[in-house]
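Working notes, structure below.
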Amino acid sequence: WLSKIIKGLINFFRGTPIVFQLAFFHYALPQILPFFKPTVMFSALVIFSINSASYLSEVFRSGIESVDRGQIEAARALGVNAKQINLHIVIPQALRNILPALFNEFIALTKETSVVQIIGLSDLMRQQSIISANTFRYFEPLIIVGIIYYLLNIILSHLGQFIERKLKYD
């Protein structure tokens, strides 16, 4: 029954927009639970963590399932215990298999953080909005924010490729 609840939560967080999740957690939940008064930073951290964990749980599950069952059976036949099989056979191969998807999630998370302004947290896009409202200039602030996001994601992408090359054993 616990796995069904967890699967339901994962499906909920994967099936609803992060803007909805942030708004619900920060604005609607305190109406139902009057003692619950989250800060904007706490709301953002909780929702982005749970949302990302929902996607990453599926990434890790598929990575573990991608490891050839024959290797596990061979290790069992040689008398290797389950802990050693997981630690030395399954997890290293699963991590290598999921690395591209893992870094794609980090890149997506970086871009998704721009929605935190709906709960009042000041991020790059909020700063751009403030500057544009004060100066009536939109082009320059948006270009700068776009360049910052682009550079952050290029760095993450190159880091992922670097780690992939280091883990390659072909």
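As the structure is a computational prediction, the values presented were derived from the model and not from experiment.
- Scanning all heavy atoms of the two residues, the minimum distance from Met125 to Gln117 falls at CB-NE2, 3.5 Å.
- Between Phe162 and His158, every side-chain heavy-atom pair lies at or beyond the 4.5 Å cut-off.
- Ile64 contributes atom CD1, which lies 11.0 Å from atom CG of Asn97 (distance to the nearest 0.5 angstrom).
- Listed by chain and number, the residues in a ring-ring contact (aromatic ring centres under 6.0 Å, His included) with Tyr149 amount to none (sequence neighbours excluded).
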Under 3.5 Å, which donor-acceptor pairs link side chains of residues 29-49 to any protein atom two or more places apart or in another chain?
{"from": "Lys37", "atom 1": "NZ", "to": "Pro34", "atom 2": "O", "distance (Å)": "2.9"}
{"from": "Thr39", "atom 1": "OG1", "to": "Phe42", "atom 2": "N", "distance (Å)": "3.1"}
{"from": "Ser43", "atom 1": "OG", "to": "His26", "atom 2": "ND1", "distance (Å)": "2.8"}
{"from": "Ser43", "atom 1": "OG", "to": "Thr39", "atom 2": "O", "distance (Å)": "3.2"}
{"from": "Ser49", "atom 1": "OG", "to": "Leu45", "atom 2": "O", "distance (Å)": "2.6"}

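- Residue Arg61 holds its CZ atom at 8.0 Å from OG of Ser57, rounded to the nearest 0.5 Å.
- Checking Thr113 against Asp123 by side-chain atom types alone, no donor-acceptor pair falls below 3.5 Å.
- Considering CZ of Phe25 and CD1 of Ile119, their distance stands at 9.0 Å, rounded to 0.5 Å.
- Under the 3.5 Å distance criterion, with hydrogens and angles disregarded, no donor-acceptor pair is assigned to the side chains of Ser62 and Glu58.
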Please tabulate, for the side chains in residues 74-92, all donor-acceptor contacts under 3.5 angstrom to protein atoms that are two or more places apart in sequence or on a different chain.
{"from": "Asn81", "atom 1": "OD1", "to": "Lys83", "atom 2": "N", "distance (Å)": "3.1"}
{"from": "Asn81", "atom 1": "OD1", "to": "Gln84", "atom 2": "N", "distance (Å)": "2.7"}
{"from": "Asn86", "atom 1": "ND2", "to": "Ala82", "atom 2": "O", "distance (Å)": "3.3"}

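- At distances below 3.5 Å, not a single donor-acceptor pair connects side-chain atoms of Ser132 with backbone N or O atoms of Ser129.
- Linking Ile, Leu, Val, Met, Phe, Trp and Tyr whenever their side-chain heavy atoms come within less than 4.5 Å leaves Ile148 and Leu109 in two separate clusters.
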With a cut-off of 3.5 Å and sequence neighbours excluded, list every side-chain donor-acceptor pair involving residues 2-18.
{"from": "Asn11", "atom 1": "ND2", "to": "Lys7", "atom 2": "O", "distance (Å)": "3.3"}
{"from": "Thr16", "atom 1": "OG1", "to": "Phe12", "atom 2": "O", "distance (Å)": "2.9"}
{"from": "Thr16", "atom 1": "OG1", "to": "Gln21", "atom 2": "NE2", "distance (Å)": "2.9"}

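- Residue Arg137 qualifies as open at atom CZ: its count of foreign heavy atoms under 6.0 Å is 12 or below.
- Glu73 pairs by the side chain to side chain donor-acceptor pair (under 3.5 Å) definition with nothing, not counting sequence neighbours.
- Under the 4.5 Å side-chain contact rule for hydrophobic residues, Leu95 and Ile72 do not share a cluster.
- Listed by first then second residue, pairs satisfying ring-ring contact (aromatic ring centres under 6.0 Å, His included) with a partner in residues 93-120 read Phe103-Phe106, not counting sequence neighbours.
- Summarising the geometry, atom CG belonging to Leu151 is positioned 11.5 Å from atom CG belonging to Leu156; distances are rounded to the nearest 0.5 Å.
- No path of Ile, Leu, Val, Met, Phe, Trp and Tyr side chains, each step under 4.5 Å between heavy atoms, connects Val67 with Leu99, placing them in separate hydrophobic clusters.
- Side-chain heavy atoms closer than 4.5 Å link hydrophobic residues (I, L, V, M, F, W, Y) into clusters, and following such links, even through other members, never connects Ile154 to Leu159.
- Put simply, Leu22 and Phe24 are part of the same group of oily side chains (I, L, V, M, F, W, Y) that touch within less than 4.5 Å, one to the next.
- Counting only heavy atoms from C-beta outward, the side chains of Gln93 and Gln71 approach each other to under 4.5 Å.
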Let me see the working for Ile147 and Ile144 under side-chain contact (heavy atoms from CB on, under 4.5 Å), right down to the final yes or no. CA-CA 5 Å; Ile147 289 170; Ile144 291 169; 5.7 Å; no
Residue pair Val59, Glu105: steps toward the side-chain contact (heavy atoms from CB on, under 4.5 Å) verdict: CA-CA 9 Å; Val59 169; Glu105 176 58 25; 5.8 Å; no
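- Two residues are said to be in side-chain contact when any heavy atoms from C-beta on lie closer than 4.5 Å; Ser114 and Leu124 fail this criterion.
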